[in-house]
Amino acid sequence: MQDKYTPADIERAAQQHWDQTGAARAVEDATKPKYYCLSMFPYPSGKLHMGHVRNYTIGDVLSRFHKMQGYNVLQPMGWDAFGMPAENAALANNVPPAAWTYQNIDYMRTQLKSLGFAIDWEREFATCTPEYYRWEQWLFTRLYEKGLVYKKLGTVNWDPVDHTVLANEQVIDGRGWRSGALIEKREIPMYYMKITAYAEELLSELDNLPGWPDQVRLMQKNWIGKSTGVRFAFPLADEFAKTPDEKLWVFTTRADTIMGVTFVAVAAEHPLATRAAVDNPELANFIEECKKGGVAEADIATMEKKGMPTGIYVSHPLTGEQVEVWVGNYVLMSYGDGAVMAVPAHDERDFAFALKYNLPIRQVVAVDGETSFSHESWAEWYADKQRGVLVNSGKYDGLGYEAAVDAIAADLAAKDLGDKKVQFRLRDWGISRQRYWGCPIPIIHCKSCGDVPVPDAQLPVVLPENVEITGAGSPLVKMPEFYECKCPKCGADARRETDTMDTFFESSWYFLRYACPDNTTAMVDERVAYWCKGGIDQYIGGIEHAILHLLYSRFFTKLMRDVGLIGDLGEPFANLLTQGMVVAPTFYRDLVGGKKQWINPADVDVVTDERGRPTGATLKADGLPVVIGGTEKMSKSKNNGVDPQALIDQYGADTARLFIMFASPPDQSLEWSDAGVEGAY
RNA sequence: GCCCCGAUGGCGUAAUCGGUAGACGCAGCGGAUUCAAAAUCCGCCGCCGAAAGGUGUGCCAGUUCGAGUCUGGCUCGGGGCACCA
């Protein structure tokens with residue numbers, strides 16, 4: 001018996017024993033119930049952070065518990081290895097993204113092993129290897145042939161100085177993060193996945209997920225955003241119409257207010273806007289101005305609402321009244337028809353817009369007990385569709401919301417100018433990225449044959465790994481040895497697509513590949529049915545993935561079922577645990593110029609009073625006071641990260657794991673406390 | 001701006017159905033043990049107050065015999081908003 005607990009020796013011995021006996025190896029065994037415990041795989045950013053340690057500790061506890069209960073447990077691990085940070089690191093350190101990524105994977109694997117997780121390392125893979133991404137290319141070509149992948153124009157952030165497309169993250173206050181140039185919206189051809197074809201199933205299946213947090217199901221439901229409304233048309237007045245029966249289509253969930261329409265607003269990219277701008281320089285300028293700034297919805301939704309009349313008039317479909325078409329910077333071309341009817345009296349945004357531009361406001365809904373409709377200030381009840389009853393609406397007067405929508409939809413249908421329509425907020429998934437470090441899109445552009453998918457025999461399209469990153473555009477565009485090729489159909493000189501896929505593509509099916517990572521002849525095989533039948537038993541990861549990653553993964557499972565790759569597994573993740581963040585106190589000093597210098601908690605001594613309450617803090621280096629800030633998510637910007645490696649080195653993996661599990665319930669945020677670690681030791 | 005979540009001691013939290021707020025743990029304080037320390041054990045530990053007592057679950061209202069819990073309205077913090085992963 002040793003006097004002192006020496007975690008390094010004891011843990012190393014235990015880990016070696018587990019390794020040699022293959023304790024964590026998972027083998028299909030039909031005689032035992034299976035338990036597939038999956039943690040979201042890490043992006044190999046350099047080293048593990050505390051969030052990883054927490055995530056994988058929770059998974060490991062569940063895995064070991066079920067193993068002891070007699071389950072056949074699979075706990076795999078891999079690397080979500082494509083992505084932007086590798087290109088940024090390449091630029092900063094002059095290392096190719098591939099080399100940087102593989103280095104990080106090696107280091108982080110060592111760290112994970114030192115934590116002693118019961119992971120089946122024989123199933124490990126990285127998504128940036130041709131052995132993995134070849135199957136995405138193969139699937140892409142199948143889906144392209146079925147029309148589930150198609151090409152259309154999409155809007156991107158264009159940096160006019162660096163001549164490059166930027167991610168939303170790289171646009172700061174409307175400017176490129178490197179060049180500082182004002183960003184413009186630009187439309188380019190992109191490939192899209194037809195996720196909207198699965199909108200109904202993705203929505204209804206949410207009811208079959210009792211093992212998911214209600215919060216996540218609700219977020220997905222709202223994201224898909226099914227609404228029943230009316231899609232209808234405003235015929236163009238003869239002098240403005242290009243063709244005799246040209247119409248402007250809009251969608252609304254408030255068809256009951258149609259008699260209160262006083263103008264129509266279209267997106268800056270709408271064809272009518274373009275047409276009106278031809279001989280109207282002022283409008284053309286405004287449309288140009290609308291193109292300034294990035295494409296992120298949060299930015300568009302918070303900017304000042306602006307508009308300009310086009311001089312084009314359309315006819316109200318029920319009254320025939322002439323209504324002017326405006327261009328509005330708040331109308332999104334990507335939602336519905338890129339045009340909306342405006343009813344200032346009963347929509348808050350339209351109300352503000354009408355006030356600003358002095359447009360008529362016509363009340364057509366009244367609420368019992370609310371007598372004073374003001375044309376100067378908005379009140380919540382103006383938009384109340386539960387209590388509202390139509391007024392000033394001719395034959396529709398006195399009807400409530402539902403009856404009014406029914407009557408109006410029927411009248412529009414009778415005139416062949418519209419009907420009820422189910423509309424989804426969900427848009428098709430644009431997967432083209434004008435970046436290097438990703439899976440090449442397997443398409444060949446031929447002058448005579450058009451877009452031709454790369455034939456199976458020529459797959460994979462391998463991404464060249466020894467490249468130089470310049471920060472302005474993908475190196476693939478400058479590599480004839482990559483893009484020059486022959487058309488697979490006619491044999492003529494052709495050009496290979498240089499865009500790569502969205503990295504969400506990799507993470508949308510990796511959990512299936514863990515069942516059969518060694519298969520070199522097929523994307524998936526029958527072992528998927530064994531491990532994934534009834535869904536992966538437990539999925540653990542950050543709440544930040546509540547919508548996109550989980551929705552795309554659900555979509556892929558249904559896609560791959562319909563392509564005949566897997567049977568009907570149902571939903572991919574039977575039980576979902578969304579772990580909370582790891583937070584830590586922050587410390588700073590005010591610098592001249594209003595900036596703050598953030599100081600890592602490890603470099604600070606906190607002084608407490610006799611009750612243990614903090615009264616102040618000093619910097620270890622100089623003993624002078626620092627300001628105690630709030631408690632925030634561990635991040636580089638606030639410099640409050642605690643390196644798990646230092647913790648493991650000092651206290652051992654078991655202490656780290658014990659503290660992290662004990663300190664807080666897994667789905668809530670965890671406050672870091674060095675003192676708490678000491679207590680777990 | 002829109003969708004979702006949260007707020008209870010110095011800290012992490014608990015209170016299953018609307019019924020004693022603060023279980024359990026960390027930190028802190030006091031004591032025992034020890035030559036001394038570590039470890040261990042015992043006790044104290046929301047705030048104000050000498051005590052009696054008062055007060056207290058982000059804020060403002062409401063429902064109720066009774067609200068941390070239910071309703072309405074806010075404030076602050078966090079996650080997401082489709083090219084960060």
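In what follows, chains carry the letters A, B, and so on, assigned in the order in which the sequence lines appear, proteins first and then strands, with residues in each chain numbered from 1.
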Closest heavy-atom pair and its distance - [X], [Y]:
X        : Y        : value
A:Gly59  : A:Ile540 : CA-CD1, 3.4 Å
A:Gly78  : A:Pro42  : O-CD, 3.2 Å
A:Asn329 : A:Glu304 : ND2-O, 2.9 Å

Quiz item: In whole Å, what is the span from the CG atom of A:Leu206 to the P atom of B:C4?
Solution: 14 Å
Quiz item: Rounded to the nearest Å, what distance is computed from the CD1 atom of residue A:Ile547 to the C1' atom of nucleotide B:C84?
Solution: 15 Å
Rounded to whole angstrom, note down the [atom1] distance from [N] over to [M].
N     : M     : atom1 : value
B:U8  : B:G46 : C1'   : 10 Å
B:C74 : B:G79 : P     : 23 Å
B:G10 : B:G56 : P     : 16 Å

Is there a side-chain polar atom (N or O) of [X] under 4.0 Å from OP1 or OP2 of [N]?
X        : N     : result
A:Asn168 : B:A82 : yes
A:Asn157 : B:C83 : no
A:Arg433 : B:C83 : yes

Quiz prompt | For B:G9, glycosidic torsion class - syn if within 90° of 0, otherwise anti | solution = syn
Exercise. Please work out if A:Met501 contacts a base, only the sugar-phosphate, or nothing of the nucleic acid, heavy-atom cut-off 4.0 Å.
Key: nothing
Practice problem: Classify the nucleic acid contact of A:Arg435 as base, sugar-phosphate or nothing, counting any heavy atom under 4.0 Å across all strands shown. | Solution: base
Self-check item: Closest-nucleotide 5' rank along RNA chain B - winner of A:Val216 and A:Ala296
Solution: A:Val216
Practice problem: Please examine the side chains of A:Trp158 and A:Val165, heavy atoms only from C-beta on, and report whether any two atoms are closer than 4.5 Å. | Solution: yes
Quiz item: Are A:Tyr150 and A:Asp428 linked by a side-chain donor-acceptor pair shorter than 3.5 Å?
Solution: yes
Exercise. Return yes if a side-chain donor-acceptor contact under 3.5 Å exists between A:Glu124 and A:Trp79, otherwise no.
Key: yes
Quiz item: Any donor-acceptor pair under 3.5 Å joining the side chain of A:Gln434 to the base of B:C83?
Solution: yes
Practice problem: Represent RNA chain B in dot-bracket notation, 5' to 3'. Only Watson-Crick or G-U wobble pairs with both distances under 3.5 Å count; pseudoknot-style crossings use [ ] and interstrand partners use |. | Solution: (((((((..(((......[....))).(((((.......))))).(((....)))..(((((..]....))))))))))))....
Practice problem: Specify whether A:Tyr382 and A:Phe351 have parallel, tilted or perpendicular ring planes, treating 30° as the upper limit for parallel and 60° as the lower limit for perpendicular. | Solution: tilted
Quiz item: For the side chain of A:Met84, counting heavy atoms from C-beta on, which of B:G80, B:C4, B:C84 is nearest?
Solution: B:C84
